[in-house]
Amino acid sequence: MSVEMSLPVLTDKDFASDQDVRWCPGCGDYSILAQMKKVMPTLGIPREKIVFISGIGCSSRFPYYMNTYGMHTIHGRAPAVATGLKTVQPDLMVWVITGDGDGLSIGGNHLMHCIRRNMDLNIVLFNNRIYGLTKGQYSPTSPLGKRTKSTPMGAIDNPLHPLSIAIGAEATFVARSIDTNIKHLGATLKRAAEHSGTSFIEVYQNCNVFNDGAWDYAKDRNTKADTTLELEHGKPLIFGKDRDKGIRLNGLEPEVVQLGKGITEDDLLFHDEKALEPSLAYLLSRMRYEDGFPEPIGVFRSVDAPRYDELVNDQIALATKEQGPGELDKLYGSGETWTVA
Amino acid sequence: MSTVAEKPTTELNEATVRFCGDSGDGMQLAGTQFTTTSALVGNDVATFPDFPAEIRAPRGTKAGVSGFQVHFSSNEIYTPGDVVDALVAMNPAAFVTNIGDLRDGGILIVNESGFDKKGLELAGLDGNPIEEVALHQLEQKYKVYKVDMTKLTRDAVKEFGMGVKEADRCRNFFAMGLVFWVYGRPLEPTLRFIEAKFGKKPEVAGANRAALMAGYNYGETVEAFDTQFHIPKAELKPGKYRSIMGNTALSWGLMTAAKLSEKRLFLGAYPITPASDILHELCKHKNFDIVTFQAEDEIAAMTATIGAAFAGAMSITASSGPGIALKGEAFGLAVIMELPMVVINVQRGGPSTGLPTKTEQSDLYQAVYGRNGECPMPVIAARSPGDCFEVAQEAWRLAVRYMTPVMLLTDGYIANGSEPWRIPQFADLPKIPVTHPEATDGSEQFLPYTRDERLARPWALPGTPGLEHRLGGLEKQDRTGNVSYDPENHQHMIDTRAAKVANIAEDIPLQTVDGPDEGDLLVMSWGGTYGSCLSATRLARKHGKSVAHAHLRYINPLPRNLAELMGRYKKVLMPELNSGQLRTIIRDKYLVDVIGFNKMQGRPFTVAELVEKISEVTG
Ligand code: SF4
């Protein structure tokens, strides 16, 4: 017989803290916050069991606006802070909120290691391709040639692609969404929350003050059907306003093909988010608008793997089972001892 | 044992032995075994392991020399000894780098076969110091024993059918056996050790056993060894003892503190000399509910420690100077979040990578001041290997009582040194109470930055209904903990955080002295120089000097009676293994003209140099 635990019915308002939200009007962060608050009550997890942890940057103000437990930490270190918290209390649901500068520049090392350990965390990276909080320097995801306050003649360092990094570290859940595509964003956050292990979500976020329009190609009503491609598990990669274009593999290279004229859906690449081998997901992460590809959104990869936070505690349980709970007096007196009368 | 006619025995109060050789020669093992055995026969002991920074320094070179010094006595002792009474040198490099510390008339045992052409070249020697005229000169000064340990060991282990290389690996047991005979130490503890360590490889166990016995019997049989020395038991406080190393005592102290406060223990660490042994020790004891997290870097080790503290664990990070520098920004976060945790710095020589395996006290400024902003952290320091056990508990007690990160300083000398340790009973140790606010129905807003009489804020744990709150590195509003840029509030919060740490002075014991309550000179020390300063002041008093010794455990805040205490002596002398860091702080705080005595050579003070300084200052 199962007993239904009755949780109080919460709404998104219950997840709003009493703090005024201080992002610039029109910032993409607002919509991510709104979706997060909407998703929270659907997870069936009490508020006190949820912790939001962030580093430094515009996005990192996020925890202040959620009426859960939260920590606004230091630049780039949120994944490490979250690791300590989660290993000690594995039953908490922990979200890491980061940005392209916080997560990929100063905190790149922590992000990579957190992912490869498959900590059970949900990492949301707000990618606005700029440093907003420090007023407009180029970031590790700014495109080559980007002119900013710190690159008057254009950026000359090759950008990083968040999902390629996450997949390179063998993230078990990888997804991408867009701040204004609220339905898709909400659904993606929910799937990430439900995944056991590290979930990594890149959200295309518009910084309307310092990098306005960076993602317009992917958001514009008129172009988005051709510039993005919504991934569906087990389905062929089809896109376009008339759903007449697809992605086909030519050797190891993806290519855009026109359906019809002898090319059918069966010739296309089929999406398999469950593929253990991350190469397909990696290949998808490399499809870029500037190279003539639609950029995939949705879940790139979702596989099961052992979680660090569980393994740590499993080892403790095993050691305790095998050796019995530790006794200090026994430890103090172990090895060679002598008595002075 | 064999029944060769007994050789005469000379009784000594104390002796200091140093084993030295190439880092592959097993000298640390020889020293450790000698220490355990000496402790077991009832001597007081103090040790000083000294090893090269390079794990695989070129074999036979001076850079690769590893040494282990053991001071053992029938009196209480506090230092590993200034000079060496018996030196075992396995090769010419070890000989050249160590002979200077052998006292006149001391015993020199050299492995003759190590002094071949190649060995001499590697040590940069033109001639052989143990042949002809050079030998004659040596013999004027020391009792020299040339022993062909290589050949004798190979002969002894022949029956085990090992290759030459493996056979030579048993040489340290031969050396041990010989020195055991010289100082009349029993072989049983080492035989037990061999069984425990090599029992699964019978030929290795057998060969080591044979080499050990051969060394011992060599001493007993060969005529040149004409006296055996006897060092009677020391009168230690009654109780059960064991020998303990600083890093082990520290780890056990942390484990004990966790149990005394009924907390999970979390260690965030990144490997670094000489702190790694804390990680090694704690990860062995998972059945004590210990989480050890070897992080990707020092910063992650520290920030994970902060996360674990928020989650409610007894949270620790352990490192050394360069690692502590990397953690600096996160200390500020821990301070402003007012979460309890312990940061351990096992100091080594600096700056930069400095002298990783050598000792120094030069991170005191870093501990007291090394953060951005007004960022006070309590700082306490251990004085000896065994003291680490207590100081670890004290650090955690202060951390939870005051809701603050606490910096605990030790150093390479304490960390790797060992001494007899009177085994406590867990039940006798004072509990460390910790409380957390309880769940509420959430109808009232939880205020994370309200304070108790000590100015500590409540430690509310995630998972507790009704206490949802956010911490952060931006300035906090008093009471609510919300972000606040208000000028008055900022001043108030800085003042409050400072007052909270300063208040600890009311909670810690008054500073005491060893020696007269007033007089010509107060020698003030902190950390690992305790033993040398205590021994030196006691010796100076025997020479008629009016000198007392105050050893500080609490560096920040300093004990509340310190100014008054210093005022009772005409002069104050502060020996430090740095350029005068605590002295500067004390002069600054109390306007007392403290005299410095400073040494930065990667080595501890000798008692002799301190006694000389005391004489110079007292005139
Ligand atoms: S600077 Fe840009 S990213 Fe930051 S809050 Fe303003 S609009 Fe948003």
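So that the names make sense, note that chain A is the first sequence line, chain B the second, and so on, each numbered from 1. Predicted, not measured: the structure shown is a model, and the values here were computed from it.
- Within the 4.5 angstrom heavy-atom criterion, only backbone atoms of A/Thr68 (N, CA, C, O) approach chain B.
- Using the six-membered ring where Trp is involved, A/Tyr308 and B/Phe293 have ring planes that are perpendicular, over 60° apart on the 30 and 60° scheme.
- Between the side chain of B/Arg264 and the backbone N or O of A/Val88, at least one donor-acceptor pair lies under 3.5 Å.
- Only the side chain of A/Leu92 comes within less than 4.5 Å of a heavy atom of chain B; its backbone N, CA, C and O stay farther away.
- Contacts of B/Phe193 with chain A are absent, with no heavy-atom separation under 4.5 Å from either backbone or side chain.
- With contacts defined as side-chain heavy-atom distances shorter than 4.5 Å, the pair B/Val41/A/Trp338 does not qualify.
- Contacts between B/Arg422 and chain A at a heavy-atom distance below 4.5 Å are absent for every atom of the residue.
- Ranking A/Asn67, A/Asp18, A/Ile53, A/Val312 against chain B, the residue ahead of the rest is A/Asn67, based on heavy-atom pairs under 4.5 Å.
- Within the 4.5 angstrom heavy-atom criterion, only backbone atoms of A/Met66 (N, CA, C, O) approach chain B.
- Heavy atoms closer than 4.5 Å to chain B are found in the side chain of A/Gln19, but not in its backbone.
- Using modelled atom types, one side-chain atom of A/Tyr69 and one backbone atom of B/Thr464 make a donor-acceptor pair closer than 3.5 Å.
- The side-chain heavy atoms of B/Glu296 and A/Cys114, taken from C-beta on, include no pair separated by under 4.5 Å.
- Looking at A/Ser54, neither its backbone nor its side chain comes within 4.5 Å of chain B, counting heavy atoms on both sides.
- Interatomic distance, OG1 of A/Thr320 versus CZ of B/Phe288, reported as 10.0 Å (0.5 Å rounding).
- If you measure heavy-atom distances from B/Thr292 to chain A, the contacts under 4.5 Å come from the backbone alone.
- Contact of A/Arg116 with chain B is not made at all, since no heavy-atom distance falls under 4.5 Å.
- By the 4.0 Å N-to-carboxylate-O rule, B/Lys286 lies too far from A/Glu322 to be salt-bridged with it.
- Counting only heavy atoms from C-beta outward, the side chains of B/Ile423 and A/Thr337 approach each other to under 4.5 Å.
- Here A/Phe52 contributes atom CZ and B/Arg470 contributes atom CZ; the two are 11.0 Å apart, rounded to the nearest 0.5 Å.
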